Participant: 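Handing you a structure now.
Throughout, protein chains are lettered first and strands after them, A, B, ... in sequence-line order, and every chain is numbered starting at 1. Keep in mind the model is a prediction, meaning the values are calculated, not measured. Quick note: numbers below take in every heavy atom, side chains included, and nothing from hydrogens, waters or symmetry partners.
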Amino acid sequence: MVNVYNTRTRSKEEFVPIEGNNVRMYVCGPTVYDYPHIGNARSFAVFDTIRRYLEYKGYRVVYITNFTDIDDKMINRSKEDGIEVSELAAKFITEYLTIAKQLNLIPATINPRATEHMDDIIEMVELIIKNGYGYDVDGDVYFNVPSFETYGGLSRIPMDDLSSRARVEVDEKKKDPRDFILWKAEKPGEPSWESPWGKGRPGWHAECSVMGKHYLGFPFDIHGGGQDLIFPHHENEIAQSAAAYGIETPVKYWLHNGFLTIDSDKMSKSEKNFSTAREVLDNYDHQAVRLYLVTGQYRQPLDYNDKAMKQAIQSLERIKNAADTIRGRISILEKIGSRESDADRKLAEASKKAREDFEKEMDDDFNTPGALAEIFTLVREINTLTKDVGGAAVLREALAVMIELVGILGVNLADEAQTGEGAGQAAKALKGIVDFLLELREGARKSKDFAKADQIRDRLGELGIEIADTKDGPTWKMS
RNA sequence: GGCGACGUACCCAAGUGGUAAGGGAGAGGUCUGCAAAACCUUUAUGCAGCGGUUCGAAUCCGCUCGUCGCCUCCA
């Protein structure tokens with residue numbers, strides 16, 4: 001049983017999909033006007049992990065994450081750069097997809113774009129007007145907040161409080177200072193679409209409501225995004241969707257991830273205080289970055305700094321070493337044959353327990369640090385027991401569990417270099433050659449010719465083949 | 001001003017009523033020709049502070065201090 005913290009109710013709730021085993025999930029995607037920063041990457045990684053875990057639990061997940069490719073920021077940036085809005089969008093969509101791949105995100109079921117859904121957006125605005133929640137003034141269409149009684153339900157901002165804060169640019173056209181714009185009348189030189197109110201473009205994040213409805217239907221199960229989207233973005237989204245389609249609760253569970261900070265300050269584009277995902281991924285191992293992003297529970301703030309990254313690198317290394325230890329032992333067993341012992345039973349037990357404990361942590365609102373701790377417990381068991389395990393099947397099972405659990409966190413251990421187990425004639429030959437050299441080296445070591453032994457190890461090391469001596473003989477791996 | 005989050009060892013970070021997970025770093029040790037890895041021991045009588053409730057609190061309540069966020073484009 002999975003429990004999730006629902007922002008709407010401010011409490012943990014048992015996760016029960018609306019429809020059987022199917023989970024419909026929408027995560028706010030990037031506005032493609034600039035390079036995503038590492039904080040954006042956290043959001044991507046967090047929701048990817050949530051998705052992976054739900055799939056692991058046997059749910060069938062439809063996962064939608066959008067590209068917002070038309071809004072003020074898009075227009076402003078395209079003017080600055082002197083390129084078309086569509087060109088700008090194409091550039092950063094490519095960038096996003098590259099980062100997504102490097103972070104090992106499972107591709108979304110669909111990545112819809114706002115500009116592909118103009119008809120739907122216009123239809124929604126029409127419905128809002130028709131239902132008495134919106135009005136048109138000279139080509140601008142506003143949502144009338146006071147007419148929507150439950151406004152503020154998600155962010156829990158009292159209506160009165162909102163009305164007293166008409167401080168920034170009071171728009172004379174608005175009936176009420178709290179009203180927000182749904183459709184903006186065309187300005188010269190900006191992209192626009194035909195509508196019943198004249199040429200124009202969407203104002204707020206209408207696309208999220210529209211695409212959520214289009215691909216998932218209301219109500220759907222999970223809507224995710226960063227905490228900064230709670231107000232006004234998601235508050236408005238609920239109001240729009242409810243007002244247009246008459247659905248009281250368009251989304252069952254609202255999940256919001258905490259911020260990633262830099263030196264304890266919020267990362268923010270407007271403050272020029274951020275690192276782009278690109279810089280980070282160029283500087284550090286991709287898998288380590290991914291692991292780092294889930295070292296904190298997703299709702300808590302997470303600080304980004306060199307030290308945190310170094311720790312993630314160490315953690316990843318420890319996990320990889322354990323996997324290599326098993327692989328090395330398997331290859332040794334191929335030579336010396338099996339000889340089962342008490343350790344076999346213990347390791348089998350540890351694998352089973354690791355899976356159970358991992359699930360217990362993840363069931364509790366996706367507690368990734370706790371889940372990671374359970375993985376490390378298994379790592380310790382592996383490191384302690386493997387040298388005495390005699391059955392390859394037990395080792396393979398432990399390795400499979402490791403790979404699967406770590407995989408939920410987005411780290412791919414399966415593709416790691418294996419000790420010559422790869423298919424193909426070249427791989428076979430390589431394995432034979434290295435094994436032969438190791439035999440020679442063992443001979444040298446026996447006759448205390450350490451100079452020669454070290455020479456072999458050093459030369460292989462230069463070629464990217466690392467040797468490790470164990471009690472039952474040497475193992476090697478590609479580094 | 002309104003709303004909210006947080007404060008756990010040198011660092012990161014779980015735990016939310018039953019007597020402090022895990023990782024990193026440090027120290028000591030084991031193994032080892034050396035190396036790498038690994039293993040063992042060790043590092044918070046205490047969880048911002050002060051009160052209260054309780055047989056029992058890091059966990060609940062109150063107050064204080066501190067940090068941060070949202071309320072305006074932002075994951």
Participant: Using the P atom on both, measure B:rU43 against B:rA9 and round to a whole Å.
Facilitator: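 Pairwise P distance, B:rU43 against B:rA9, rounds to 16 Å.
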
Participant: Using OP1 and OP2 only, check whether a side-chain N or O of A:Asn383 sits under 4.0 Å from B:rA38.
Facilitator: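 No, no such contact exists.
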
Participant: Considering only heavy atoms and no angle criterion, is a donor-acceptor pair shorter than 3.5 Å present between the side chain of A:Asp228 and the base of B:rC73?
Facilitator: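 Absent.
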
Participant: Tell me the interatomic distance from A:Glu317, atom CD, to B:rA37, atom C1', rounded to whole angstroms.
Facilitator: 10 Å

Participant: Can you measure A:Arg459 atom CZ to B:rA35 atom P for me and round it to whole angstrom units?
Facilitator: 23 Å

Participant: Give one of base, sugar-phosphate or nothing for A:Gly224, where a contact means two heavy atoms less than 4.0 Å apart.
Facilitator: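 Nothing: the residue A:Gly224, judged by heavy atoms under 4.0 Å, touches no strand.
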
Participant: Can you check whether A:Arg380 has a side-chain N or O nearer than 4.0 Å to OP1 or OP2 of B:rG23?
Facilitator: yes

Participant: Around atom CZ of A:Arg459, are there more than 12 heavy atoms of other residues, nucleotides or ligands at under 6.0 Å?
Facilitator: no

Participant: Expressed as a whole number of angstroms, how long is the span from A:Glu442:CD to B:rA35:C1'?
Facilitator: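 One finds 14 Å between C1' of B:rA35 and CD of A:Glu442, rounded.
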
Participant: Just checking A:Glu466: base, sugar-phosphate only, or nothing, at a heavy-atom cut-off of under 4.0 Å?
Facilitator: nothing

Participant: Let me know the distance between CD1 of A:Ile99 and P of B:rA75, rounded to the nearest Å.
Facilitator: 13 Å

Participant: Of all the nucleotides listed (B:rA38, B:rC74, B:rG22), which has the minimum atom distance to the side chain of A:Ala373?
Facilitator: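 Looking only at side-chain atoms, A:Ala373 lies closest to B:rG22.
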
Participant: By the 4.0 Å heavy-atom rule, please label A:Gln300 as base, sugar-phosphate, or nothing.
Facilitator: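 Answer is sugar-phosphate: A:Gln300 comes under 4.0 Å of backbone atoms only.
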
Participant: Which whole number of Å gives the distance between the P atom of B:rG7 and that of B:rA58?
Facilitator: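 Straight-line distance between the two P atoms is 15 Å.
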
Participant: Base contacts versus sugar-phosphate-only contacts with protein, heavy atoms under 4.0 Å: please encode nucleotides 24-32 of chain B as B, S and - from 5' to 3'.
Facilitator: SS-------

Participant: Tell me if the CD atom of A:Glu149 is crowded by more than 12 foreign heavy atoms within 6.0 Å.
Facilitator: no

Participant: Base, sugar-phosphate, or nothing for A:Ile467, non-hydrogen atoms under 4.0 angstrom?
Facilitator: base

Participant: Say you pick atom P in B:rA57 and the same atom in B:rC65; how far apart are they, in whole Å?
Facilitator: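 Straight-line distance between the two P atoms is 26 Å.
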
Participant: Give me the ring orientation class for A:His234 and A:Trp254: parallel if the planes are under 30° apart, tilted from 30 to 60°, perpendicular past 60°.
Facilitator: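 It falls in the tilted class, 30° to 60°.
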
Participant: Nearest 0.5 Å please: distance from the CD atom of A:Glu404 over to the CG atom of A:Leu413.
Facilitator: 12.5 Å

Participant: Determine the interatomic distance between C1' on B:rG66 and the same-named atom on B:rC50; round to the nearest Å.
Facilitator: 15 Å

Participant: How about A:Lys335: does its NZ atom have over 12 heavy atoms from other parts shown lying under 6.0 Å from it?
Facilitator: yes

Participant: Mind checking the C1' distance from B:rC71 to B:rA48? Whole angstroms is fine.
Facilitator: 28 Å

Participant: Would one find more than 12 heavy atoms of other residues, nucleotides or ligands at under 6.0 Å from atom NZ of A:Lys73?
Facilitator: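 Check passes, neighbour count above 12.
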
Participant: So what does A:Arg441 touch, heavy atoms closer than 4.0 Å: a base, only the sugar-phosphate, or nothing?
Facilitator: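 Base contact.
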
Participant: What is the distance, rounded to the nearest whole Å, between atom OH of A:Tyr304 and atom P of B:rC12?
Facilitator: 16 Å

Participant: Identify whether any heavy atom of A:Ala468 sits under 4.0 Å from a base atom; if not, whether one sits that close to sugar-phosphate; answer base, sugar-phosphate or nothing.
Facilitator: base

Participant: Heavy-atom nearest nucleotide on RNA chain B for A:Glu381 versus A:Gln227: which residue maps closer to 5'?
Facilitator: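 The answer here is A:Glu381.
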
Participant: Whole Å only: how far is the CZ atom of A:Arg178 from the P atom of B:rU72?
Facilitator: 13 Å

Participant: Whole-Å distance between B:rC11 C1' and A:Leu302 CG?
Facilitator: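 In whole Å, B:rC11 C1' lies 14 Å from A:Leu302 CG.
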
Participant: Nearest to the side chain of A:Asp469, which nucleotide is it out of B:rC34, B:rA13, B:rC70?
Facilitator: B:rC34

Participant: Starting at the 5' end of RNA chain B, what dot-bracket string do you get if Watson-Crick and G-U pairs under 3.5 Å are bracketed, crossing pairs use [ ], other-strand pairs use | and unpaired bases use dots?
Facilitator: ((((((((.[[[..)..(...]]]((((((.......))))))....[[[[[..)....]]]]])))))))....

Participant: Say you pick atom C1' in B:rU8 and the same atom in B:rG49; how far apart are they, in whole Å?
Facilitator: 15 Å

Participant: Is A:Asn367 side chain donor-acceptor paired with the B:rG15 base, going by distance under 3.5 Å alone?
Facilitator: no

Participant: If we take the P atom in both B:rU59 and B:rG1, what is their distance in whole Å?
Facilitator: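 Comparing P positions in B:rU59 and B:rG1 gives a spacing of 27 Å.
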
Participant: Which is more 5' along RNA chain B, the nucleotide nearest A:Pro301 or the one nearest A:Gly226? Just name the residue.
Facilitator: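 Counting from the 5' end, the first nearest nucleotide belongs to A:Pro301.
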
Participant: Roughly how many Å apart are B:rU19 and B:rU30, using the C1' atom of each and rounding to a whole number?
Facilitator: 33 Å

Participant: Roughly how far apart are A:Arg77 CZ and A:Phe92 CZ, rounded to 0.5 Å?
Facilitator: 6.5 Å

Participant: Would you classify A:Asp71 as touching base, sugar-phosphate or nothing, given that sugar-phosphate means primed atoms plus P, OP1 and OP2, and contacts are heavy atoms under 4.0 Å?
Facilitator: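 Nothing, no heavy atom under 4.0 Å.
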
Participant: When you measure from the centre of the six-membered ring of A:Tyr253, is the NZ or CZ of A:Arg8 under 6.0 Å away and within 45° of the axis?
Facilitator: no

Participant: Using atom types as modelled, flag every donor-acceptor pair under 3.5 Å from a side chain in residues 61-70 of chain A to any protein atom, sequence neighbours excluded.
Facilitator:
{"residue": "A:Thr65", "atom": "OG1", "partner": "A:Val27", "partner atom": "O", "Å": "2.8"}
{"residue": "A:Asn66", "atom": "OD1", "partner": "A:Tyr26", "partner atom": "OH", "Å": "3.0"}
{"residue": "A:Asn66", "atom": "OD1", "partner": "A:Gly29", "partner atom": "N", "Å": "2.9"}
{"residue": "A:Asn66", "atom": "ND2", "partner": "A:Thr68", "partner atom": "OG1", "Å": "3.0"}
{"residue": "A:Thr68", "atom": "OG1", "partner": "A:Glu207", "partner atom": "OE2", "Å": "2.7"}
{"residue": "A:Asp69", "atom": "OD1", "partner": "A:Ala114", "partner atom": "N", "Å": "3.3"}
{"residue": "A:Asp69", "atom": "OD1", "partner": "A:Thr115", "partner atom": "N", "Å": "3.0"}
{"residue": "A:Asp69", "atom": "OD1", "partner": "A:Thr115", "partner atom": "OG1", "Å": "3.4"}
{"residue": "A:Asp69", "atom": "OD2", "partner": "A:Thr115", "partner atom": "OG1", "Å": "2.6"}

Participant: Check whether NZ of the Lys or CZ of the Arg A:Lys174 lies under 6.0 Å from the centre of the six-membered ring of A:Tyr142 and within 45 degrees of that ring's axis.
Facilitator: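 Ring-cation test returns no.
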
Participant: For A:Arg299 and B:rG7, what is the distance between atoms CZ and P respectively, to the nearest whole Å?
Facilitator: 12 Å

Participant: To the closest 0.5 Å, what do you measure between NE2 (A:His37) and CG (A:Leu260)?
Facilitator: 8.5 Å

Participant: Distance-only, no hydrogens or angles: does the A:Arg290 side chain make a donor-acceptor pair with backbone N or O of A:Asn104 under 3.5 Å?
Facilitator: yes

